[in-house]
Amino acid sequence: MRPFLFPHATALAFVATLLVPCAAWAAPADAAQASPVAKDPGYTWALGLAASNGPDYAGSSKRGNSLRPVIGVDIGRYTLSSGGGGSLLDFDLEPRFTGLSARLFDAERFHLSAGLRIGGGRTPDADSPIYGLPDVRRTLLARLSAAWMLTPEFSLRSSLNQDLLGRRGGTTVQTTLQYEWQVTPRTEIGLAAGFTLADAIYLRSYFGVPADVALVRTPFPAYSPGAGVMSTDLGLEVKSAITDRWIVFGGVRLSQLRSDARNSPIVVKPNNYGVTVGLAYRCCH
């Protein structure tokens with residue numbers, strides 16, 4: 001049995017994330033401009049709906065549609081976001097994540113934030129190909145995120161996510177290189193390429209087949225993946241303010257499962273895509 005440990009690549013990715021602040025502080029230009037986040041008594045909010053189409057689970061050949069609310073509220077250094085609403089609060093490179101986030105440090109080229117969110121979870125329906133596999137309960141996830149602005153358009157971002165409740169949510173590290181093009185003052189296009197690392201706990205929860213259910217409750221043989229690169233991803237996002245208040249947005253995300261995740265017996269289609277379109281109303285300080 002493989003240990004529930006990150007490989008060296010994952011450990012190095014996390015260490016690199018922690019070392020980015022040192023690089024930012026070491027640069028004289030950034031150090032001179034680095035300062036605590038200023039308090040802002042005002043706020044901005046966004047509210048809307050988004051429709052999505054994507055695979056039923058990572059690696060599934062079946063697809064499904066969903067309609068979800070889009071919510072974003074920004075008050076000073078704090079952001080509350082759901083359904084991608086945080087990304088609609090401004091038109092800049094500052095990262096906004098799902099859940100409750102706090103911006104801990106801002107410099108000209110470096111941003112550090114921390115957050116909490118409810119996430120994960122999987123309960124297959126009776127008609128799902130993976131029905132019979134153990135449910136994965138939703139859990140409370142902690143997140144530490146860093147963004148380094150390489151140029152005004154390019155940013156390198158890394159985010160560490162950790163299950164705080166021990167509900168088999170494990171640990172993941174997501175790293176993305178992103179380019180954002182301000183087509184007009186009202187329209188922005190974002191291109192992103194990245195990869196996700198996951199520990200063995202996470203991969204066994206979502207891609208493993210426990211021995212006690214293998215070939216009994218499910219048709220799949222026992223499978224116990226180890227830690228490593230879970231996926232590589234490409235994304236295209238567009239958002240446009242059609243009026244001073246209304247915003248249309250959409251995106252396409254291509255994903256390829258890798259290594260042990262790709263070799264899982266539950267994976268039918270390792271290369272997949274998802275599409276999202278939405279409309280939101282944004283207001284006011």
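Not measured: the values here are computed from a predicted model. Heavy atoms only: backbone and side chains are in, while hydrogens, waters and symmetry mates are out.
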Quick one: does any side-chain atom of [X] pair with a main-chain N or O of [Y] as donor and acceptor, under 3.5 Å?
X      : Y      : value
Tyr206 : Arg122 : no
Arg186 : Thr243 : yes
Thr151 : Glu153 : yes
Ser87  : Gly84  : yes
Arg143 : Asn161 : no
Asp199 : Thr171 : yes
Arg117 : Gly99  : no
Tyr57  : Ile266 : yes

Sort out for me which residue in Met149, Glu180, Arg109, His111 forms a side chain to side chain contact (heavy atoms under 4.5 Å, CB included) with Ser155.
->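 So, applying the side chain to side chain contact (heavy atoms under 4.5 Å, CB included) to Ser155 and each of Met149, Glu180, Arg109, His111, only Met149 qualifies.
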
Side chain to side chain contact (heavy atoms under 4.5 Å, CB included) partner of Pro124, the single match among Asp56, Val136, Ile130 |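 One option only clears the test, and that one is Ile130.
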
Pair [X]-[Y], side-chain donor/acceptor within less than 3.5 Å:
X      : Y      : answer
Arg68  : Ser52  : yes
Arg167 : Ser205 : no
Ser145 : Arg157 : no
Ser159 : Gln174 : no

For residues [X] and [Y], report the shortest heavy-atom separation together with the two atoms involved.
X      : Y      : result
Gly169 : Tyr202 : O-CD1, 3.1 Å
Val70  : Gly85  : CG1-CA, 3.4 Å
Ala193 : Leu234 : CB-CD2, 3.5 Å
Ala214 : Pro221 : CB-C, 3.7 Å
Arg168 : Pro134 : NH1-CB, 3.9 Å
Leu279 : Phe249 : N-CE2, 3.5 Å

Could you walk me through whether Ser255 and Asn272 pass the side chain to side chain donor-acceptor pair (under 3.5 Å) check?
-> CA-CA 5 Å; Ser255 180; Asn272 227 315; over 6 Å; no

To the nearest 0.5 angstrom, please state how far the [atom1] atom of [X] sits from the [atom2] atom of [Y].
X      : Y      : atom1 : atom2 : answer
Leu89  : Cys283 : CG    : SG    : 11.5 Å
Asn271 : Ser231 : CG    : OG    : 11.0 Å
Asp74  : Thr79  : CG    : OG1   : 4.0 Å
Ile75  : Trp45  : CD1   : CH2   : 13.0 Å
Tyr131 : Arg217 : OH    : CZ    : 8.0 Å
Leu141 : Leu160 : CG    : CG    : 10.5 Å

Consider only side-chain heavy atoms of I, L, V, M, F, W and Y, link residues closer than 4.5 Å, and tell whether Val267 and Leu133 are in one cluster.
->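 Val267 clusters together with Leu133.
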
Cluster overlap Ile189 with Leu177, hydrophobic side-chain contacts below 4.5 Å |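 Shared cluster, yes.
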
From CA spacing to verdict: salt bridge (Lys or Arg N to Asp or Glu O under 4.0 Å), Asp233, Arg253 | CA-CA 7 Å; Asp233 303 274; Arg253 179 174 175 266; 2.7 Å; yes

Test: Arg77 cationic atom under 6.0 Å from Phe105 six-membered ring centre, within 45° of axis |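 Relative to the ring axis of Phe105, which defines the angle, Arg77 lies outside at least one limit.
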
Under 6.0 Å between the ring centres of Tyr281 and Trp246?
->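 Ring centres of Trp246 and Tyr281 closer than 6.0 Å.
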
Residue pair Ser81, Thr98: steps toward the side chain to side chain donor-acceptor pair (under 3.5 Å) verdict | CA-CA 5 Å; Ser81 175; Thr98 296; 4.9 Å; no

Begin with the C-alpha distance, continue with both residues' side-chain angles, and end with the deciding distance and a verdict on side chain to side chain donor-acceptor pair (under 3.5 Å) for Thr44 and Arg282.
-> CA-CA 7 Å; Thr44 305; Arg282 182 179 63 183; over 6 Å; no

Does the side chain of Leu197 reach to within under 4.5 Å of the side chain of Thr172, using non-hydrogen atoms?
->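 No. Closest side-chain heavy atoms not under 4.5 Å.
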
Passes side chain to side chain donor-acceptor pair (under 3.5 Å), Asn263 versus Arg258? Steps please.
-> CA-CA 8 Å; Asn263 294 329; Arg258 299 289 184 178; over 6 Å; no

